[in-house]
Amino acid sequence: MVKPRSGKKLKRHPWDAYFMNIARVVSSRSTCDRKFVGAVIVRDKTILSTGYNGSIRKLAHCSEAGHMLENDHCVATIHAEANAIIQAAKNGVCIDGGTIYTTASPCWPCFKLIANCGIKRICYGEFYRDARIFGIAKKLKIELVKLAPAGE
């Protein structure tokens, strides 16, 4: 705890809560209204990249054009985790060895992207769809951390 001039101790959020709260704010930019998801990639307590789920660049958003559904899942959107990885690559930012904070656990395709880009830790809010990630993460020594909702 830090003591400000007033003598009172400041309560600071732990790093995981801090970055997850930022991922929640990032999710507010999502353009698919079926699910708002945000992702933040961090290494050494520094934000490297962010992403949210949305349409392919220069195409209409789901919120404007409607959804492209397959098996009750909108496939028009690029997921938040993929967009964060793409954004890092586009800007030449190395994310190897980093942590990704995502408001929902990664789906199977996003998990594979995360594993192959060298991210070593996944912190997520709610569980989303695919339990395969747990066994494979263990084999790959990728740490999976479920974080409590904001304020808990």
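The figures that follow rest on heavy atoms only: side chains count, while hydrogens, waters and symmetry mates do not.
Listed here is the closest heavy atom pair of Cys117 and Ile85: SG-CD1, 4.0 Å. The two residues Ala39 and Ala84 come nearest to each other via the heavy atoms CB-CB, 4.2 Å. Minimum interatomic distance between Lys35 and Ala104 (heavy atoms only, all atoms of both residues): CE-CB, 4.1 Å. Here the closest heavy-atom approach between residue Leu48 and residue Cys94 is recorded as CD1-O, 3.6 Å. Summarising the geometry of Lys120 relative to Gly97, their closest heavy-atom pair is CG-CA, 3.8 Å, with the distance given to 0.1 Å.
Summarising the local packing, CZ of Arg29 is surrounded by 12 or fewer heavy atoms from other residues, nucleotides or ligands at distances under 6.0 Å.
To the nearest 0.5 Å, atoms OG1 (Thr102) and CD (Glu126) are separated by 9.0 Å. Interatomic distance, OG of Ser49 versus CD1 of Ile95, reported as 7.0 Å (0.5 Å rounding). One finds the CD1 atom of Ile56 at 10.0 Å from the CG atom of Asn83 (value rounded to the nearest 0.5 Å). Distance CD1/Ile114 to SG/Cys107: 8.0 Å, rounded to 0.5 Å. Separating the CG atom in Leu144 from the CZ atom in Phe134 is a distance of 6.0 Å, to the nearest 0.5 Å. Atom CH2 of residue Trp108 and atom CD1 of residue Ile133 lie 9.0 Å apart, to the nearest 0.5 angstrom.
Between the side chain of Asn53 and the main chain of Thr77, no donor-acceptor pair closer than 3.5 Å is present. At least one donor-acceptor pair closer than 3.5 Å links the side chain of Thr103 to the backbone N or O of Gly38. In this structure, Lys146 contributes its side chain and Gly125 its backbone to a donor-acceptor pair below 3.5 Å. In this structure a side-chain-to-backbone donor-acceptor pair under 3.5 Å is present from Asp130 to Arg132. A distance-only check finds a donor-acceptor pair linking the side chain of Ser30 to the backbone of Val37 [under 3.5 Å].
By the criterion of side-chain heavy atoms lying less than 4.5 angstrom apart, applied directly or through intervening Ile, Leu, Val, Met, Phe, Trp or Tyr residues, Leu113 is grouped together with Val93 in one hydrophobic cluster. Linking Ile, Leu, Val, Met, Phe, Trp and Tyr whenever their side-chain heavy atoms come within less than 4.5 Å puts Tyr124 and Ile136 in one cluster.
Hydrophobic side-chain contacts under 4.5 Å tie Met20 into a cluster, directly or through other members, with Trp15, Tyr18, Phe19, Ile22, Val26, Val40, Val42, Ile47, Tyr52, Tyr101, Val145, Leu147.
For Arg129, there are no salt bridge (Lys or Arg N to Asp or Glu O under 4.0 Å) partners at least two apart in sequence or on another chain.
Remark: the Asp33 side chain and the His61 side chain contain no N/O donor-acceptor pair separated by less than 3.5 Å.
Checking each of Ile100, Ile142, Asp16 against Arg121 for a side chain to side chain contact (heavy atoms under 4.5 Å, CB included) leaves exactly one that passes, namely Asp16.
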